[in-house]
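Below: one structure, written as structure tokens.
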Protein chains: 2
Amino acid sequence: MKPAATQSAADVYSETCPSRRALELIANKWALLVVPALRRGPVRNNELLRQVGGISQKMLTQTLRELELNGLVVRSDHGTVPPRVDYALTELGASLSKALLAVDRWAEAHHDQLRPASRRTGR
Amino acid sequence: MKPAATQSAADVYSETCPSRRALELIANKWALLVVPALRRGPVRNNELLRQVGGISQKMLTQTLRELELNGLVVRSDHGTVPPRVDYALTELGASLSKALLAVDRWAEAHHDQLRPASRRTGR
DNA sequence: CAGGATCCAGTGGGATACTG
DNA sequence: CAGTATCCCACTGGATCCTG
């Protein structure tokens, strides 16, 4: 058994650590955008489609489903006609959104400091 | 010119905003692991290969090159034999590593709270 | 409005082999 | 040691069409 107290031992640098799964869940640009997009409260599908520029319905649904399956998001289907479904973060999701928001903010704040790297020249 | 003061208008939620490129640069699990792995100072290739469990030489090189091109990492080739090359974060990279480290820490701290979504069964 | 189902081109990324 | 070069295929994700 485990001494409970301190512990953790969770090491995302270890290939076999289950925390890797958590990391892979959020290591894609749509999750990085969708999660923080929900931080202010429930948002409807269509609203997300508009907020998250460039995302397709397919990827939005897929991303939300994945997050829902992992308990980061809750889906509320009001069962009305026309349909109204909205998504909200769970507490767990909210804790994650803080970390991801910081990443988004970093991108916004520093993108202009990146080397024009990617083939600025050619073409 | 612009008042520079407050906002920067950079909006990662806009498909066309250049900050998207920054986001996509770091929205993958290897970058999420490699960048924080460099936060304590220069690290050699082989060392990274061992530290970042599961990464292949190919992906390590690819990730490092991408980061280098964008000015997040500096590569130092000592030109010796046998070869000795090490990588270090630039200041910009260091600022990013803080945000990414928080994400890694989140994964380590909360992975056991994720629903056993592994339900890949369906199919 | 929310979203499933398909099709399919593009790419991510592992395995393996070779080099200075 | 630190890469580069191939082969190769599973998956990513956009486009398009369909439904309750």
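Naming: A, B, ... by sequence-line order, numbering from 1 per chain.
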- Message: Distance alone, cut at 3.5 Å: any donor-acceptor contact between the side chains of N45(A) and R84(A)?
- Response: no
- Donor + acceptor pair across side chains of Q57(A), T61(A) (<3.5 Å): yes
[X] side-chain proximity, nearest of [options]:
X      : options                  : result
M59(A) : dG14(D), dG14(C), dC1(D) : dG14(D)
P83(A) : dC1(C), dG14(D), dG3(D)  : dC1(C)
R44(A) : dC1(C), dG13(C), dA15(D) : dC1(C)
N46(B) : dA2(D), dC7(D), dG14(D)  : dA2(D)

- Note on the structure: Assert: residue with more 5' nearest nucleotide on DNA chain C, out of K58(A) and Y87(A), is Y87(A)
Between [atom2] on [N] and [atom1] on [X], what's the gap in Å once rounded to a whole number?
X      : N       : atom1 : atom2 : value
R20(B) : dG13(D) : CZ    : C1'   : 14 Å
E24(A) : dG14(C) : CD    : C1'   : 14 Å
L60(B) : dC1(D)  : CG    : C1'   : 13 Å
K29(A) : dT12(D) : NZ    : P     : 14 Å
N28(A) : dG12(C) : CG    : C1'   : 13 Å
Q57(B) : dC18(C) : CD    : P     : 17 Å
I55(A) : dG14(D) : CD1   : P     : 8 Å
H78(A) : dA2(C)  : NE2   : C1'   : 12 Å

- Looking only at heavy atoms, which two atoms of T63(B) and M59(B) are closest? And how far apart? OG1-O, 2.7 Å
- Query: Does the side chain of S56(B) get closer than 4.0 angstrom to OP1 or OP2 of dG14(C) through an N or O atom?
  - Reply: yes
- Query: So, is R65(B) near the phosphate of dT4(D), with a side-chain N or O under 4.0 Å from OP1 or OP2?
  - Reply: yes
- L100(A) and L33(A): side-chain contact (heavy atoms from CB on, under 4.5 Å), yes or no, with the steps? CA-CA 8 Å; L100(A) 299 192; L33(A) 290 169; over 6 Å; no
- When you match Q62(A) and E47(B) each to their closest nucleotide on DNA chain D, which lands nearer the 5' end? E47(B)
- Of W30(A) and V85(B), whose closest DNA chain D nucleotide lies nearer the 5' terminus? V85(B)
- Message: I'd like to know if the side chain of R20(A) reaches the main chain of V12(A), judged simply by a donor and an acceptor atom lying under 3.5 Å from each other, with no hydrogens or angles considered.
- Response: yes
